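Accompanying notes for the structure given below.
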Amino acid sequence: MLGRAMDGSFLLSVFIFLCAACVLVPISKLSGLGSVIGYLIAGVLIGPSVLGLITDPITILHFAEFGVVMMLFLIGLELQPRKLWAMRVKLLGLGGSQVGLTMIAIAGIAMIAGFSTGEAFAVGMALALSSTAIALQTLQHRRLMAEPEGQNGFSVLLFQDVIVIAMIAMMPILATMTPFEGVASDYGSEPHGPTGIWLGVATIGVFVGMFLGGRYLLTPLFRIIARSEVRETFTAVSLLLVVGSALLMNWLGLSPALGAFIAGMVLADSEYRHQLERDIEPFKALLLGLFFISVGMSLDLFFIASEPVLVIGLVIGLMALKFIILMGVGKMFGLARKPRLFFSALLCQAGEFGFVIFTFATTEGAIRPETASVLTAVIALSMALTPLILLLFDRMVLPRFNVASSTTGESPVNQHHPVIILGYGRIGQIIGRLLEAQGIPTTLIDNNGDHIEFLKQFHHRVFYGDATDMELLRLAGAKDASIIVVAIANNTELVREIKAEYPHAKLIVRARGRPHLFDLLAEEVHFAERETVRGALALGEAVLMAMGVNEEEAEMLAQRFLELDFENIQQTYHLRGDMGALAEQSEKARALLKETLEEELKQRRTGKL
């Protein structure tokens, strides 16, 4: 009764979700288990198996899957078509091998267990898929998307997202090989768009329209919105793109996540890409959290308790089988041992698309409802166990490789210093030496063990660790630091996380160039500067003196150039997404700079300045 009443109130359900997330996720993160496990535990507690506060997890799961759609859109924004083409061997070879071998192995085991051919292959298809949400969230959180294990994992997941369309289409054919009757289902029963030959025509038309629209219609629209300076309109257009592309794919009967990915990829070369990322990111994070909570809610603890040996045995057997196949496929494609182990641990679970396939399979009569119930619990439990498996990988497997590879250094400790420098390379060292000369105590962190060993000869105490790890920053005393210097190169996401975790600290940040500086200014850091600008000005100053300008005037010109250039950056910041307007303003700024410097130099020489 209580559950039905609560399900009837949307606001109350939202309140329950937020309470569970706000209480359990921080506890889980602080305990070292990670946020995903916190969401899963929250789902288990408020779901029908424990407190029964919300009793319809499947409906919520379908809604929460939109978080996966948004995640694929953001990944598409980072992946230009030429990069996707460069991944074609991994996409088809690695992804195809994993899905094909896993499906055949599971189907073979099912047939040995007495399943009919149609049902065995339906089970094999559903369980061959991995969780896009968990795997990609993990890769993004660990910043591994550009690493070998990240690219290989993404190739497999993208292939799975595409092949799931063909798997769903196969269900009616597999149903002809089974004696079962279909079971009515509301999910997936919506009428789609055209059929037959017109479906192919419509599919080609939609993809061509998305490409042309992204290239020739959206850029002028974004330019108008950027000039209007109405921030919420840009957010609305960002959401409209994601929802519209997902609806188009759904109309064609294809994967909404695939549509969002293609839409993002079309816009990957756009100068507005970073603005789109910033606008979509909060919605993606919230919906992914909701997705993980709904997975936890879908765990039927009563059923698992009634058949513990069967369910747990199937989960262990499935994950072990997929792990072995992934290790073999990874070796076939030349992955080193450490990336191969992580790649296999990351993808050895079943995935959220398995829920969809089982729903379609029972509707068509390709699989028995009781079989689907057991295997749905297996999917949910395998997804819930994945963060724990990765935690064990970090604690038990990864240290063996770290010890065997290169020298490291001592782990950070809280020295209660007012300043922390993240990255003690060529830029961090200059900052550190300047502060040391003034007697300012500083905590130094770098991730190059050999470099740290070298610096020991010069009596520098540098701690070893990944500066992007928030737990490491906590151990280093970030909560006590008043200033955090971010001297590592790729730092925009790190800046966001530090601002969220340690809002009291002033952030002094290294920027690679003007576009990066714009990104950092958008994050409202205390101070950011381009890494080469002052060195280049010193060289320019030397050139002026070599050309006959006296030292005092050359120094004045260089200093005023820097001041006027930064003023121009502040004035053009709002145009950062509009390359045309920036180019126009840049031409005006160059003329103004020349005029201003000439006038000030003239006044100085005539004694008026």
Side-chain angles (χ1 to χ4, degrees), residues 141-144 146-147 394 398-399 401-502 504-513 516-517 519-520 523 525-538:
H141 179 71
R142 299 183 181 216
R143 295 179 176 83
L144 292 174
E147 301 300 322
D394 291 340
L398 203 55
F401 287 95
N402 288 340
V403 169
S405 58
S406 63
T407 54
T408 56
E410 60 178 314
S411 299
V413 295
N414 188 352
Q415 298 177 289
H416 302 284
H417 288 166
V419 180
I420 296 177
I421 298 179
L422 306 181
Y424 204 61
R426 54 192 175 87
I427 293 174
Q429 285 180 51
I430 294 172
I431 300 169
R433 287 167 57 196
L434 176 64
L435 297 178
E436 182 184 18
Q438 299 301 311
I440 299 173
T442 307
T443 298
L444 311 173
I445 299 175
D446 199 87
N447 67 349
N448 188 324
D450 295 325
H451 182 55
I452 291 172
E453 289 297 315
F454 174 76
L455 290 170
K456 282 182 180 178
Q457 302 174 71
F458 302 92
H459 309 290
H460 292 286
R461 187 186 185 189
V462 184
F463 295 114
Y464 175 81
D466 179 4
T468 63
D469 185 348
M470 290 297 106
E471 176 63 16
L472 180 137
L473 293 186
R474 184 185 68 80
L475 294 174
K479 64 181 178 61
D480 298 322
S482 56
I483 297 172
I484 298 177
V485 180
V486 183
I488 60 177
N490 299 314
N491 56 34
T492 308
E493 184 60 35
L494 173 60
V495 164
R496 291 193 190 107
E497 292 189 22
I498 294 176
K499 283 183 66 66
E501 294 279 342
Y502 306 105
H504 67 280
K506 293 179 179 178
L507 290 181
I508 312 295
V509 189
R510 161 193 179 184
R512 293 189 305 277
H516 188 202
L517 182 60
D519 290 341
L520 294 173
E523 300 302 327
V525 299
H526 182 71
F527 181 79
E529 182 58 280
R530 293 150 291 172
E531 59 192 25
T532 57
V533 66
R534 293 177 189 266
L537 280 174

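All values reported here derive from a predicted model rather than from experimental measurement. Residues take their numbers from the sequence shown, with the count starting at 1.
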Give me the atom names and distance for the closest heavy-atom approach of Glu529 to Leu517. N-CD1, 4.3 Å

Less than 4.5 Å apart, side chain to side chain, heavy atoms only: is that true for Arg474 and Tyr502? yes

When rounded to the nearest 0.5 Å, the distance separating CG of Asp466 from CG of Leu473 is 9.0 Å

Leu507 side chain near Leu520 side chain, heavy-atom distance below 4.5 Å: no

Between Asn491 and His516, is there a side-chain heavy-atom distance shorter than 4.5 Å? yes

Might you point out which heavy atoms bring Thr468 and Glu497 nearest each other, and give the distance in Å? O-OE1, 4.1 Å

Quick one: does Thr442's side chain have a donor or acceptor within less than 3.5 Å of a partner on Val419's backbone? no

Between Arg433 and Glu436 (salt bridge meaning N to carboxylate O under 4.0 Å), is one present in this structure? no

Interatomic spacing from CD1 in Ile483 to NE2 in His504 - rounded to 0.5 Å: 10.5 Å

Within the structure provided, determine whether Arg426 and Glu531 are in side-chain contact (heavy-atom separation under 4.5 Å). yes

How long is the straight-line distance from CD1 of Ile488 back to CG of Leu494, given to the nearest 0.5 Å? 5.0 Å

For the CD1 atom of Ile427 and the CD1 atom of Ile421, what is their distance to the nearest 0.5 Å? 11.5 Å

Between the side chains of Glu523 and Lys499, is the shortest nitrogen-to-carboxylate-oxygen separation below 4.0 Å, so that they form an ion pair? no

Which residues pass the ring pair (Phe, Tyr, Trp, His ring centres under 6.0 Å) test with His460, not counting sequence neighbours? Tyr424

Could you measure the distance from the CD1 atom of Ile508 to the NE2 atom of His526? Nearest 0.5 Å is fine. 5.0 Å

Could you tell me which non-hydrogen atom of Ala467 sits nearest to which non-hydrogen atom of Leu422, and how far apart they are? CB-CB, 3.9 Å

Least distance between heavy atoms, Ala478 atom then Ile484 atom: CB-CD1, 4.2 Å

Output for pair (Thr443 OG1, His417 NE2), nearest 0.5 Å, gives 5.0 Å

With sequence neighbours excluded, what pairs up with Asp480 under the salt bridge (Lys or Arg N to Asp or Glu O under 4.0 Å) test? none

Correct closest heavy-atom pair for Pro418 and Pro441 would be CD-O, 3.4 Å

What one should report as the nearest heavy-atom pair of Ala481 and Ala505 is O-CB, 3.9 Å

